[in-house]
**Q** 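What follows is a structure written as structure tokens; I'll ask about it next.
Computed from heavy atoms alone, side chains included, the values below leave out hydrogens, waters and symmetry copies.
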There are 2 protein chains.
Amino acid sequence: MSQATPPRSRRVPRAERREEILAAAARVFGSKGYRAGSLAEVAEQVGITHAGVLHHFGSKDRLLWEVLEYRDRVDVEHLEGQHIPGGLELFRHLVTTARRNADRRGIVQAYTVLTGEAVTDGHPAADRARTRFGVLREDIASALRTVADERGVDLAEQDAVRAASAVIGVMDGLQTQWLLDPEVVDLAESTAFAIEAILRAVLPGVEPLPDSPGASGAP
Amino acid sequence: MSQATPPRSRRVPRAERREEILAAAARVFGSKGYRAGSLAEVAEQVGITHAGVLHHFGSKDRLLWEVLEYRDRVDVEHLEGQHIPGGLELFRHLVTTARRNADRRGIVQAYTVLTGEAVTDGHPAADRARTRFGVLREDIASALRTVADERGVDLAEQDAVRAASAVIGVMDGLQTQWLLDPEVVDLAESTAFAIEAILRAVLPGVEPLPDSPGASGAP
DNA sequence: CCATACTTACTTACTTGTTAGTAAGTGGAT
DNA sequence: ATCCACTTACTAACAAGTAAGTAAGTATGG
């Protein structure tokens, strides 16, 4: 038998190869976690050796770091230049995201696994997770304040932050349950239900949230 | 500080030693995760070698399994024979638990880390996590049905399960945020807020939830 | 009440496997 | 002629699990 490696197009230009590696690493770290996922497995998926991966990224920690940057970049690209919405629109966007996520198990798993791991002692992604949550909370709290303002509702600062934390929390927590038992937990519906419940607690009489535009049939 | 492993009393009887090991393993797996935590570290905390740990538990997988059993056992013991409450009392209990958890970072971290890891491919605790969530959901859904019944409120089966999932989800998700940023996220208050919001969504006009008896001022 | 037989709780030493990381070289494309 | 993407070949650390031995304890028979 000639070679174990089928005629892999060798000599891929740097930028392209890096993208390949990042995509593979996102898959591996996403399904096994950072500590349990190995450079060798990432390398194999790209058709090179683990030393090849290190040639491009220097260390495993740095690879993780760049995977997270990459994922953020891809996520934002998907919004096609349209800025993250504010006001009620943000909550519609969150529900739509949950609906889309129900068809992207891999991404959800990656996010859940990595976030869970980030709370272990000395994890390299802890800082990132912390600031990410912080920014998200602020975005959501601010959207709540906007809506409350528009409607002349009095919204205590404490309640804005608590509601924001709760919205993020319930989205994450439902993802975990859904990953373990997708037949029983309906990610999209449960998330919509919970977000509406929390919204109504701070913004009495808010109307139901239809999905964001464009997300009806197949993605 | 702690110990430099003083002349460890050797020859500890089986039952006692097993408890020591289980406690140590709960700490190690809780802070580092199962895959990243090593038998050697568990052993060291007890003052024996990793082979000694294997003498008692056979394999790392079995040790994890027994740690989980142990934790459930201890958690239930704490309830001192009093059965898990139903009806509205259950939700008061959940809020009280969140309040107590804010003083038990280690336990919360263990739970969060292990649950996050459990959604990785082929994790030995996946089944356990799945059934645990299933039982919890059923308990909470059933409590909701009880209260709805008492008050003559119509509660769709779907909504009962969605609300139950949401309650569990928000508790877990808030724990993660709190672990990363305890100064910003108030575990007890955010949890209480979210649970009340979800309750009001299915049981209109439910009154606020005071804590379970005994927990009023500073714990 | 003591010796012998056995069990238990380990240790030491090892095997086997896996990991991240390094150093030096190779071969293809410009 | 050189750059550079990569491989081969290695190291050092660490992992779980195994095997064999040893000391401490328990039961038994005389």
Side-chain angles (χ1 to χ4, degrees), chain A residues 2-25 27-29 31-67 117 120-125, chain B residues 5-25 27-29 31-67 113 117 120-125:
Chain A
S2 41
Q3 308 116 313
T5 2
R8 251 276 162 197
S9 58
R10 292 189 28 157
R11 199 78 195 171
V12 174
R14 181 173 185 79
E16 200 175 322
R17 186 62 104 196
R18 280 176 57 97
E19 287 265 321
E20 286 181 27
I21 295 172
L22 287 173
R27 280 194 301 273
V28 171
F29 293 160
S31 62
K32 308 243 215 178
Y34 169 69
R35 297 208 225 240
S38 73
L39 293 180
E41 191 172 348
V42 172
E44 197 201 62
Q45 290 200 11
V46 182
I48 62 177
T49 64
H50 90 275
V53 173
L54 287 170
H55 167 69
H56 287 288
F57 292 93
S59 77
K60 196 188 180 189
D61 268 37
R62 250 198 75 194
L63 176 59
L64 172 62
W65 172 265
E66 300 223 25
V67 164
E117 228 184 319
T120 58
D121 299 340
H123 196 280
Chain B
T5 322
R8 257 273 164 201
S9 56
R10 292 185 29 158
R11 199 77 199 172
V12 175
R14 180 171 187 80
E16 201 177 319
R17 185 63 104 196
R18 280 175 57 98
E19 287 264 321
E20 285 181 27
I21 294 172
L22 287 173
R27 281 194 302 272
V28 170
F29 293 161
S31 63
K32 308 244 220 180
Y34 169 68
R35 297 207 224 241
S38 73
L39 293 181
E41 190 173 349
V42 172
E44 198 200 59
Q45 291 201 10
V46 182
I48 61 178
T49 64
H50 90 275
V53 172
L54 288 170
H55 166 70
H56 287 288
F57 292 94
S59 77
K60 196 189 180 188
D61 268 37
R62 250 198 76 195
L63 176 57
L64 172 63
W65 172 264
E66 300 223 26
V67 164
V113 169
E117 228 184 320
T120 57
D121 299 340
H123 195 279

**Q** Quickly work out the Glu16(A) CD to dA5(D) P distance and round it to whole Å.
**A** 12 Å

**Q** Measure the distance from NZ on Lys60(A) to P on dG21(C) and round it to the nearest whole Å.
**A** 8 Å

**Q** Is the backbone N or O of Leu54(B) less than 3.5 Å from a side-chain atom of Lys60(B), with the two atoms forming a donor-acceptor pair by type?
**A**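 No: the side chain of Lys60(B) does not pair with the backbone of Leu54(B).
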
**Q** Rounded at 0.5 Å granularity, tell me how far OG in Ser31(A) sits from CD in Glu41(A).
**A**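 Here the interatomic distance stands at 6.0 Å.
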
**Q** Quick one, Leu63(A) and Phe29(A) - any side-chain contact, counting heavy atoms below 4.5 Å?
**A**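 In short, these two side chains touch, coming nearer than 4.5 Å.
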
**Q** Quick one: Glu20(B) CD to dA9(C) P, roughly how many Å, whole number?
**A** 12 Å

**Q** When you measure from the side chain of Ile48(B), which nucleotide among dC6(D), dT11(C), dA13(C) comes out closest?
**A** dT11(C)

**Q** Do Arg17(A) and Ile48(A) have side-chain heavy atoms sitting under 4.5 Å apart?
**A**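 The answer is yes; the side chains approach within 4.5 Å.
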
**Q** Rounding to a whole Å, what distance do you find between Lys32(A):NZ and dT18(C):P?
**A**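 Between P of dT18(C) and NZ of Lys32(A): 11 Å.
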
**Q** Taking only side-chain nitrogens and oxygens of His55(A), does any of them come within less than 4.0 Å of OP1 or OP2 of dT7(D)?
**A**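 For His55(A), the contact criterion (side-chain N or O under 4.0 Å from OP1 or OP2 of dT7(D)) is not met.
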
**Q** Would you mind classifying the nucleic acid contact of Leu39(A) as base, sugar-phosphate or nothing, using non-hydrogen atoms under 4.0 angstrom?
**A**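 The answer is sugar-phosphate, as Leu39(A) gets under 4.0 Å only of primed atoms, P, OP1 or OP2.
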
**Q** Send over the distance from Arg35(B) CZ to dA16(D) P, rounded to a whole Å.
**A**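 That distance rounds to 13 Å.
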
**Q** Which nucleotide in the set dC6(D), dG17(D), dG21(C) lies at the smallest distance from any side-chain heavy atom of Leu54(B)?
**A** dG17(D)

**Q** For the side chain of Ala51(B), counting heavy atoms from C-beta on, which of dT12(C), dA15(D), dT7(D) is nearest?
**A** dT12(C)

**Q** Where the side chain of Arg14(B) is concerned, which of dA9(C), dA16(D), dA5(D) is the nearest nucleotide?
**A**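 Comparing dA9(C), dA16(D), dA5(D) against the side chain of Arg14(B), the answer is dA9(C).
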
**Q** Would you kindly give the CZ-to-P distance between Arg18(B) and dT8(C), to the nearest whole Å?
**A**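 The distance from CZ of Arg18(B) to P of dT8(C) comes to 13 Å, rounded to the nearest Å.
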
**Q** Checking all strands, does Thr49(B) fall into the base, sugar-phosphate, or nothing category for heavy-atom contacts under 4.0 angstrom?
**A** base

**Q** Just checking His50(B): base, sugar-phosphate only, or nothing, at a heavy-atom cut-off of under 4.0 Å?
**A** base

**Q** Can you measure Phe57(B) atom CZ to dC10(C) atom P for me and round it to whole angstrom units?
**A** 11 Å

**Q** Compare all side-chain heavy atoms of Leu39(A) with those of Val28(A) and state whether any distance is below 4.5 angstrom.
**A** no

**Q** Is there a side-chain polar atom (N or O) of Arg17(B) under 4.0 Å from OP1 or OP2 of dC10(C)?
**A** yes

**Q** Atom CG of Asp61(B) to atom C1' of dA15(D): distance rounded to whole Å?
**A**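 About 14 Å, once rounded to whole Å.
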
